[in-house]
2 protein chains.
Amino acid sequence: MGEIVSLRRTPDPAAPVERTEPLWRELVGGELRGRRLERGERLVDVAQRAGVSPQYLSEVERGLKDPSSEMLAAVAGALDLTVRELSTRAARGGFSAGSALCLAA
Amino acid sequence: MGEIVSLRRTPDPAAPVERTEPLWRELVGGELRGRRLERGERLVDVAQRAGVSPQYLSEVERGLKDPSSEMLAAVAGALDLTVRELSTRAARGGFSAGSALCLAA
DNA sequence: ACGCCGTTCCGCTCAGAGCAGAACGCTCAA
DNA sequence: TTGAGCGTTCTGCTCTGAGCGGAACGGCGT
């Protein structure tokens with residue numbers, strides 16, 4: 001704890017690194033990819049319909065970026081989901097980008 | 001449509017303004033406030049436990065800011081919720097900050 | 001009057017959202 | 001073997017807005 005850590009947007013939880021639960025962006029990212037794959041769609045097509053770049057959508061799906069609420073709505077819309085439906089599926093789906101990646105077969 | 005609108009983080013949906021569905025930040029913000037009030041807690045106490053400023057938590061609850069995933073986890077934790085629980089409640093709760101504010105009695 | 005609470009306003013720093021171009025790695029078909 | 005298609009990673013970039021602190025405001029109760 002002797003370090004000065006600039007934590008601007010990533011607050012230091014009580015246990016700094018040991019995170020047993022996925023972050024929101026990991027949950028929602030995993031669900032977006034799961035949904036896209038179960039619909040058999042390509043990343044570039046969904047990205048185009050949502051109005052985002054393919055690189056960026058790739059990062060969002062992998063839980064690397066926190067999309068704005070409008071972006072989230074656009075991507076959800078491109079997958080024929082409402083934000084509510086997406087949230088529900090993200091919360092209870094088996095998909096979670098990042099270290100705890102579960103693939104429901 | 002003659003305007004040049006700089007849309008960096010707020011993509012222009014097909015219908016630019018007519019939004020019938022709340023954004024994620026509105027859903028989650030409403031749920032956070034609902035949860036806090038049903039626990040009878042003050043904004044400053046939750047903010048302190050979560051490690052954020054009261055002004056900022058006020059804005060988050062009112063759906064004015066998109067919190068990072070870590071922030072969301074911290075605030076959820078301060079209200080004894082997991083991110084999954086929060087997502088589920090946000091998706092199906094009657095709380096939504098912003099224009100479509102419903103108070104479940 | 002005062003205190004408490006939440007909200008708004010203002011100004012600020014700088015983290016990171018989101019992008020484009022290029023390169024990489026993998027799979028599959030010819 | 002090569003080449004195409006796909007997704008991912010890397011790099012560098014612009015500039016938005018996250019998140020803050022201080023101050024002021026408004027509502028409510030004593």
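Reckoned from all heavy atoms, side chains included, excluding hydrogens, waters and symmetry mates. By convention in this document, chain letters (A, B, ...) are assigned in the order of the sequence lines, proteins followed by strands, and residues within each chain are numbered from 1.
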- Task: Could you list all the ring-ring contact (aromatic ring centres under 6.0 Å, His included) pairs where at least one residue sits in residues 21-40 of chain B, not counting sequence neighbours?
- Result: A:W24-B:W24
- Query: B:E59 has an atom CD; how far is it from atom P of D:dA18, in whole Å?
  - Reply: 9 Å
- Message: Strictly below 4.0 Å: does A:S68 bring a side-chain N or O up to OP1 or OP2 of C:dA17?
- Response: no
- Protein-nucleotide distance (A:L37, atom CG; D:dG7, atom C1'), rounded to Å: 11 Å
- Item | Side-chain heavy atoms of B:Q48 within contact of B:V44, under 4.5 Å | no
- Item | N or O in side chain of A:R25 less than 4.0 angstrom from C:dG16 OP1/OP2 | no
- Validation row: B:L64, B:R25 side chains within 4.5 angstrom (heavy atoms): no
- Query: Does C:dG6 have OP1 or OP2 sitting under 4.0 Å from an N or O in the side chain of B:S58?
  - Reply: no
- Task: Starting from P on D:dG17, measure out to CG on B:L64 and report it in whole angstrom.
- Result: 13 Å
- Query: In whole Å, what is the span from the CG atom of A:L57 to the C1' atom of D:dC6?
  - Reply: 13 Å
- Task: Establish, from distance only, whether the side-chain atoms of B:D66 and A:S68 form a donor-acceptor pair under 3.5 Å.
- Result: no
- Between C:dA17, D:dC20, D:dT8, which nucleotide has the shortest distance from any of its atoms to the side chain of A:K65? C:dA17
- Query: Rounded to the nearest Å, what distance is computed from the CE atom of residue A:M71 to the P atom of nucleotide D:dT16?
  - Reply: 14 Å
- Message: In this structure, how many angstroms lie between the P atom of D:dG17 and the CG atom of A:D66, rounded?
- Response: 15 Å
- Message: Please classify the nucleic acid contact of A:P54 as base, sugar-phosphate, or nothing, using heavy-atom distances under 4.0 Å.
- Response: nothing
- Item | Stepwise salt bridge (charged side-chain N to carboxylate O under 4.0 Å, His left out) test for A:E31 and A:R92 | CA-CA 9 Å; A:E31 182 56 37; A:R92 72 180 182 209; over 6 Å; no
- Under the salt bridge (charged side-chain N to carboxylate O under 4.0 Å, His left out) criterion, do B:E59 and B:K65 qualify, and how do the steps go? CA-CA 6 Å; B:E59 288 179 312; B:K65 294 290 174 78; 3.3 Å; yes
- Message: Within the supplied structure, the quantity of interest is the number of heavy atoms (other residues, nucleotides, ligands) at a distance under 6.0 Å from A:E38 CD; does it exceed 12?
- Response: yes
- B:R33 has an atom CZ; how far is it from atom P of C:dC5, in whole Å? 15 Å
- Near-strand residues of residues 38-46 of chain A, defined as heavy-atom separation under 4.0 angstrom from DNA chain C: none
Under 3.5 Å, which protein N or O atoms sit close to an N or O of nucleotides 21-27 of chain C? Give each pair with its distance.
| from | atom 1 | to | atom 2 | distance (Å) |
| --- | --- | --- | --- | --- |
| C:dG21 | N7 | A:Q55 | NE2 | 3.3 |
| C:dG21 | O6 | A:Q55 | NE2 | 3.3 |

- Item | Evaluation steps, side-chain contact (heavy atoms from CB on, under 4.5 Å), between B:L32 and B:V60 | CA-CA 8 Å; B:L32 287 173; B:V60 168; 3.9 Å; yes
- A:E61 and A:R36: salt bridge (charged side-chain N to carboxylate O under 4.0 Å, His left out), yes or no, with the steps? CA-CA 10 Å; A:E61 288 189 346; A:R36 175 172 65 82; 2.7 Å; yes
